[in-house]
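Working notes, beginning with the structure itself.
No hydrogens, no waters, no symmetry mates; every other heavy atom, side chains included, goes into these values. Order of appearance sets the numbers: ligands from 1, and atoms from 1 within every ligand.
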Amino acid sequence: MAIKGDYFDGYEVMSAWEREHYLNRRLSRTIKHAYKHASAAADVLDKVRVDPAEIKTIKDLEKLPITRKADLIENQKKDPPYGGYLAVPPRDVERIFISPGPIYEPLHSSRIKWFARAFYAAGFRKGDIVINTFTYHMSPAGILFHEAIKDCGATAIAMGTGHSEVQVKTMLDLGVTGFVGTPSFLSAVIKKAEEMGYDLGEDFSLKRAWFTGEMLSPSLRELFEQKYGLKTFQAYAVTEPGGCIAYECSEHSGMHFMDDYIIEIVDTQTGKQLGPGEVGEIVVTPIHNKRWGLIRFGTGDISSYTDEPCPCGRTAAKLTAILGRSDDAVKVRGMFVVGRQASQVFAGFSQISRFQIVIDRPAQRDEMTFRVELKDETVDRDKLAAGLNEKFQSVCLLRADSIEFVPSGAIGEKEKPLVDRRTWR
Ligand SMILES: [Zn+2]
């Protein structure tokens, strides 16, 4: 595996053939090991009568059910502390993190460069001084990101969350060049610096920011990049399977899959794998170590992927934006309508004060109706309806069957924006 450009390691530029073989080989080994050593993993396969030797490729994972956070919590309650997912003797556990549930997660091996590829792709290098504003308390974020910053050669400051005034002072005193945290926390720190009378561009050395935990909105990204001259990057991380699932390169057009995981985008109803551009749930199986027998973890996040070549040279497919949560999404005529995404479409029309999307199935066919309240009753409704449908189709790939303009106040304050009235009998 030759490294052609500036990459963290050769995995990032594997050929399609190399990647397929690498992932399938790791997956098959991981499943065999988990079946033998983790009772919860064995239960998953036994329940559907699949022999571990049958899981040879990513496609074979479709034979297995999806494990949810609730299963993890329930199993850990029944079989404490690890719920049958630990596939090594407990004495070999290097560290334990705790996430809400509570879920006990033994993570092992500082040898694995969990987040380093993500930080490297974001340009963190020797000479950078980076504040890590994620918590070092209980959850894995603080320590894992800290190590990844170090793995790129940069100097990490163990700041943790909160205390924006102390963050500002530290950034000034130490000449901090990089920020690691959430977009909203960076906004708060910048606001605090301005309140304290500083000018971010003039007084600070901050050059780049790396975000996770919250999606970076295009408007906030533009503000950070244009007004403050920062280079911004984001990554998608999930705690339960232990890490960074996908990360952005300088192209800012999606997040490359991390080769330490099998990442599937699946139909939430059938669990079947979907192709490029199709919207479904992100399902993750860690294959980077044999210690945690978690197979097909359903993240509840909705996204799609693209396998178009990326100009950065990295060869892994990319997750498109995280569109929302599966409990905020309904499937209409085979396509997902995600509440958050729909809200963004409606928000683009200033003439609309309130909306509701109603899905019904009157004659064995899904019907989608937009109910719309107007700020100004005199607008050209036909023009607005056409514009709305066009925009909605470009984002959600569906058109409304009808658009009803309802009187102001017809949609109650507490009503949900996405209402599914279909009954499946
Ligand atoms: Zn790229």
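- Annotation: His163, atom NE2; neighbour count of heavy atoms from other residues, nucleotides and ligands within 6.0 Å does not exceed 12.
- Ring geometry, Phe134 versus Trp210: the interplanar angle exceeds 60°, so the pair is classed perpendicular (tilted spans 30 to 60°).
- Salt-bridge check for Asp60 with Lys63: passed, with a basic side-chain N closer than 4.0 Å to an acidic carboxylate O.
- Checking Phe349, Phe355, Phe392 one by one against Phe370, the ring-ring contact (aromatic ring centres under 6.0 Å, His included) holds for a single residue, Phe392.
- When the side chain to side chain donor-acceptor pair (under 3.5 Å) test is applied to Glu12, the partners found at least two apart in sequence or on another chain are Tyr247, Arg314.
- The structure places CD of Glu147 at 11.0 Å from CZ of Phe119, a figure rounded to the nearest 0.5 Å.
- Around the Zn ion (ligand 1), the protein atoms of type N, O or S that sit closer than 2.8 Å are Cys249 SG, His256 NE2, Cys310 SG, Cys312 SG.
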